[in-house]
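Okay, structure first, notes after.
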Amino acid sequence: MISMRALEGLNPAQLRAATHLTGPALVVAGAGSGKTKTVVARIAYLISEQGVPADQILAVTFTNKAADELKGRVRAAVSNSQDLWVSTFHTAGVRILRRYGEAIGLKRDFVIYDDDDQLDVIKDVLGDLSGMADVNPRYLRAVFDRAKCLGQGPSQLLAQGEAWIVGQPKEKVAEVYRIYQQRLARAGALDFGDLLTETVRLLKEDPRVRELVCARTQFVHVDEYQDTNRVQYELIRLLAASGNLMVVGDPDQSIYRFRGADLRNILDFEADYPGAVTYRLEDNYRSSAQVLQLANRLIVHNQDRLEKTLRPVKPAGEPVQYYLARDHQEEAEFVLSQFTLCHALGFALSDMAVLYRTNAQSRVLEEAFLRGGMPARVVGGVGFYERREVKDLLAYARLAVNPDDDVAFRRIIGRPRRGIGDQATSRLAERAARERISLLAAARSAAGWLPRGAEKLSAFCELMDTFSEAASLYEPAGLLSLILDASGYRQMLLTEGQEGQDRLENLEELIRAAEEWSAAHEGGVFDFLDQTALLAQVDGGHRRDVPSEPAVTLMTLHNAKGLEFKVVAIVGLEEGLLPSRNSLMEPGGLEEERRLFYVGITRAMERLLLAGAESRMLYGHTQPSERSRFLDELGGDLIELRPYEKAGPAPAASAPRPQARAAEALSGGFHGGERVRHPRFGEGTVLAVKGLGDRQEVVVSFPEVGNKSLLARYANLVRLG
DNA sequence: GATGGGTATGTTTTT
DNA sequence: CATACCCATC
C-alpha cells in the first residue's frame, strides 16, 4: 500500500475511521483516543487523496477554540484547505442567517442578544404585565432556552405543557414567551437559541436556500456529538442531506444536559441513520494507567451508556492522591503546595490545571496562588466581554448599526448621565409601545410631544446618527474610539478615580482587540460584534493572538472538556458540590455529575490530585461538608492524605495560617518528590507523606516493584541528591 | 434626576 | 459574601 501523508501515524482503528468515505458513520471515541487526529486525517484524506473540494466539507464543533484547533491542524496537513468550513453551531447559524435570513423575514443587520440582554427584555416584559411581579426572570429565561433547545415556540410550549414549568400557570409563561419573542423581533435581535432555531426554520421552509447551503456541506463532521440537543440534531440532519455524515463523540462525556443535550442522539445514531458504520477508538494515549483505571472504575456506575472499553497505552505512572482538607482555604493551600512541588520537579506552569464544579470556587484558589507567588489564570467565569464598560461601549456600536436595539438604548441612555432619567425613559417606552416603534425612533419625535427633556433627547439622536454613519465608514476600532470620546464616556471615567482608570484601560484593550481582529479578518462592524457575542472566554479571551505569560489554569470541569494537562487537581469532592445539590433532584442528574467527574479525571496525563474539605463557606456561612460518594466508587489505590490528623487539635495560632499548617504537615521528615534509596527496593520517588514524626508513613514509587507504603522510622530510607 | 444606603436574593454547569 | 434592586433623600 502506498503511504499517504494524510494518514501517517494512525493506529488501525483510527485508520479505518479516517478512510471512511461516504454514508453515515459514528466514531465512538473515548477520552484521549485521538479523535481530533482522526477527524483531521479524514478531512485531509478526502481533500488530498479523494479529490473532494475543500469547500464541500463542513466540520461543526461546540467551541471556537475547538474550531480553531481543527482548522489549524487541517491547514498544517493539507495545503489547499482554505475554503474548508469549520465553525461552531452558533457561528454557522449566524453565517447562514446573515446571508439568507431575509427569506424568512429577518433583518440582514440583526444583533445578537446574550443572556444578560435576554434578562433585560424579560424583566421589561414582566414589568408591563400584571400579576407576574413575583416570577423570577432567570427562571423564565431558563424555560425559554430549554424550549428553544427542543425547537418549541410559545404555542408548542403551551400545547405540550412541559413538566418542567413549575409553580406558574403555563398559560402565563407561554404569554411572556410570546411577548418576549415579539420584542426581540421588533428590536431586530436574535438570542443564542434563535441562532439555531431560526436556521432550522430557514432551511426547512426555503428549498432554494437549503440547496445553496447544502452544496457546501457534502461532507459533514460533528464533534462532541453526545452533547447535541434536539435543534442541533435537526440542523445537522438538514445540512447532511447528502448522507455523508460523520459524528464523533463519547456518551460518557455528555455533560450539557441542562442545555438540552440529549444522549439519545448518539445512542440512537445507528437507528436514525440506517446503514451507519460504527468505529471505535479504544486506545487511550493520554493518561497514565492508574488514572485511567480510576476513570473506568467510576464510570461503570452509570447505567445509561454505550458499552466501551478504554485501554491504557501508557505505563502505570504515579498513584492518585486524595486530600481531605479542613476547609476550602486549606484545600487551596494543599493544591498550591503540590503544584509548587510539581513545578520544582520540572512541570511547566501551563502543564497544570485546577478544575472545580462551580465558578464561585475559583476565588479562594486564585487568592491562594497569588499569595503563593505562583502565576494562575482563571479561564471562564465573568469574561472580558461581560464587563460593564465593555458592554456599554459595544451597546453604543450595536445601536449604531441597528437603531431598533432597545436593550442597547436603555443600557446607554444614562451612561454617561445626560439628563435623561427614568421619567423620560418610561414615557418614551409608552410611546414606543403604542406606535410600535423603537425607543430611538420615539426619541426622534420627542420634540413634538415631550415637554421636558426633548432637547437632550434630540442631541442624543444626533450623536447616534454620527455613530451610525461612522459604523459603515470605519473599521470597528475606529468606531469604538470615536464613541469613547464623542459620547463623553471617557470623560465620565476620568472623574471616577482608580476604578475609572481601570475601566478605561479595559476599553483601550477592547479597541486594541478590535484592531487585531481587523488585521486578521475580513469584515466590518457587524462581524466584529458577532464575534464578541459568540466568543466565550475559554476560547482564549480577547487576546488570543498574544501569547500570555505562562500560568497555572483554573477552570470549571465543563470548560476543561477537550483539554489535557500533565498535572490535574480536582477540588471540592463533596456531596452537594460534586455531585451538585441541584443535580440530585433531577432524574439522571447523578449520572451526569459522574460523567462530569469522569471528564475531569480523564484530563490528567501524568498526575491527578483530588481534594475536598470538611467545611466550606456558603453564602457567607461556614457549613460542614460530607465526602463525595464518587470517592468511594473509585475503589482502592487512592492515596488518602490527611496530614493534620492525629497531630492533635491545631493550635489556635495556626488557624489564620492554614498555609503553614499544610506545608509543615507535608514536609516533616520526607516530602513528596524527593529521591530516596531503599536497601531492598532500590531507588524511588516519594509520592506522599502521611502523619508526623515517628509515625510518618511514606509512599514511595520504585521503578522495579511499584508503589510501597513504608513507615519512615523503620524503612531505612536514604535521601539522595 | 442623581445618589446612596438598605435589604433581598442567590451558586450548578455555557454557546 | 456579593450583587442587584428598591426606596428615600439631596
Side-chain angles (χ1 to χ4, degrees), chain A residues 60-67 87-94 112-116 118-120 123 127 133-134 136-139 141-142 145-146 148-149 190-196 224 227-229 231-232 254-261 328 355-364 379-383 385-386 388 413-426 452-453 456 530-539 555-561 572 576-586 589 592-593 595-597 599-600 616-623:
Chain A
V60 185
T61 62
F62 273 80
T63 64
N64 292 291
K65 181 173 181 145
S87 77
T88 65
F89 275 100
H90 295 266
T91 307
V94 171
I112 300 168
Y113 276 8
D114 67 13
D115 41 8
D116 249 15
Q118 278 182 286
L119 213 53
D120 285 346
K123 283 177 193 162
D134 57 331
N136 182 344
R138 285 164 195 277
Y139 167 69
R141 179 178 62 186
D145 279 348
R146 211 145 173 190
K148 288 184 183 192
C149 290
L190 298 180
D191 64 21
F192 281 123
D194 291 334
L195 295 178
L196 303 179
E224 310 279 13
D227 280 322
T228 50
N229 59 35
V231 174
Q232 288 164 329
S254 176
I255 55 174
Y256 282 105
R257 217 173 54 119
F258 69 92
R259 206 169 63 186
H328 57 283
L355 311 181
Y356 38 80
R357 180 69 231 278
T358 66
N359 282 306
Q361 289 168 260
S362 68
R363 171 167 262 137
V364 184
V379 173
V382 177
Y385 288 108
E386 286 158 61
R388 190 182 22 167
I413 190 64
R415 266 181 250 162
R417 303 278 175 207
R418 43 174 64 90
I420 305 164
D422 294 347
Q423 194 128 359
T425 313
S426 56
R452 290 170 142 264
K456 288 164 182 161
D530 286 350
Q531 172 93 352
T532 62
L534 294 172
L535 195 75
Q537 227 224 339
V538 210
D539 295 328
M555 64 179 150
T556 62
L557 288 159
H558 281 89
N559 276 330
K561 193 162 73 153
L577 200 53
L578 187 63
S580 88
R581 176 175 305 286
N582 296 322
S583 72
L584 299 175
M585 314 287 208
E586 315 169 21
E592 173 110 342
E593 295 292 302
R595 289 193 291 268
L596 197 51
F597 187 27
V599 165
R616 188 172 290 273
M617 186 93 92
L618 187 69
Y619 300 145
H621 293 285
T622 303
Q623 297 191 331

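Sequence lines set the chain letters: A, B, ... in the order given, protein chains first and strands last, and positions in each chain run from 1. Bear in mind the structure is a predicted one, so any value in this text is a computation, not a measurement. When reading the values below, keep in mind they use all heavy atoms of this one structure, side chains included, and skip hydrogens, waters and symmetry mates.
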Between OH of A:Tyr139 and P of B:dG10 the distance, given in whole Å, is 14 Å
Between protein and nucleic acid, restricted to nucleotides 2-9 of chain C and to nitrogen or oxygen atoms under 3.5 Å apart, what atom pairs and distances do you find?
residue: C:dC5; atom: OP1; partner: A:Lys123; partner atom: NZ; Å: 2.2

Starting from C1' on B:dT13, measure out to CG on A:Leu557 and report it in whole angstrom.
9 Å
Check salt bridge (Lys or Arg N to Asp or Glu O under 4.0 Å) between A:Asp530 and all other residues, then give those that pass, not counting sequence neighbours.
A:Arg98
Check the distance between B:dT9's P and A:Leu119's CG and give it to me in whole angstrom.
15 Å
What residues, two or more places apart in sequence or in another chain, satisfy side-chain hydrogen bond (donor to acceptor under 3.5 Å, both in side chains) together with A:Arg259?
none
Under 5.5 Å between ring centres and under 30° between planes: true for A:Phe258 and the base of B:dT14?
no
Please determine if a side-chain N or O atom of A:Asn559 lies less than 4.0 Å away from the OP1 or OP2 oxygen of B:dT14.
yes
Partners of A:Tyr356 by side-chain hydrogen bond (donor to acceptor under 3.5 Å, both in side chains), sequence neighbours excluded?
none
note: A:Lys148, atom NZ; B:dT15, atom P; distance rounded to Å ~ 18 Å
Evaluation steps, side chain to side chain contact (heavy atoms under 4.5 Å, CB included), between A:Ile255 and A:Val599:
CA-CA 9 Å; A:Ile255 55 174; A:Val599 165; 4.2 Å; yes
Give one of base, sugar-phosphate or nothing for A:Tyr256, where a contact means two heavy atoms less than 4.0 Å apart.
sugar-phosphate
Between B:dG4 (P) and A:Arg417 (CZ): distance, integer Å
10 Å
What is the nucleic acid contact for A:Phe62, judged by heavy atoms within less than 4.0 Å: base, sugar-phosphate only, or nothing?
sugar-phosphate
Taking only the P atom of each, what is the distance from C:dA4 to B:dT13 in whole angstrom?
15 Å
Rounding to an integer number of Å, can you tell me how far A:Leu578 CG sits from B:dT11 P?
19 Å
Rounded to whole Å, the CG-P distance (A:Leu618 to B:dT11) equals 12 Å
Remember a base hit wins even if backbone is also touched, and classify A:Glu586 as base, sugar-phosphate or nothing at under 4.0 Å, heavy atoms.
base
Which of B:dT11, B:dG10, B:dT15 is nearest the side chain of A:Asn136? It is B:dG10
Pairing residues for A:Arg418 by the side-chain hydrogen bond (donor to acceptor under 3.5 Å, both in side chains) criterion, not counting sequence neighbours:
A:Tyr396
When you check the phosphate oxygens OP1 and OP2 of B:dT14, does a side-chain N or O of A:Thr556 lie under 4.0 Å from one of them?
yes
What pairs with A:Thr358 under side-chain hydrogen bond (donor to acceptor under 3.5 Å, both in side chains), at least two apart in sequence or on another chain?
A:Gln361
Can you find a heavy atom in the side chain of A:Leu190 that is under 4.5 Å from one in the side chain of A:Ile112?
no
How is A:Thr358 classified with respect to the nucleic acid when contacts are heavy atoms under 4.0 Å: base, sugar-phosphate, or nothing?
sugar-phosphate
Rounded to whole angstrom units, what separation is found between the CZ atom of A:Arg141 and the P atom of B:dT15?
14 Å
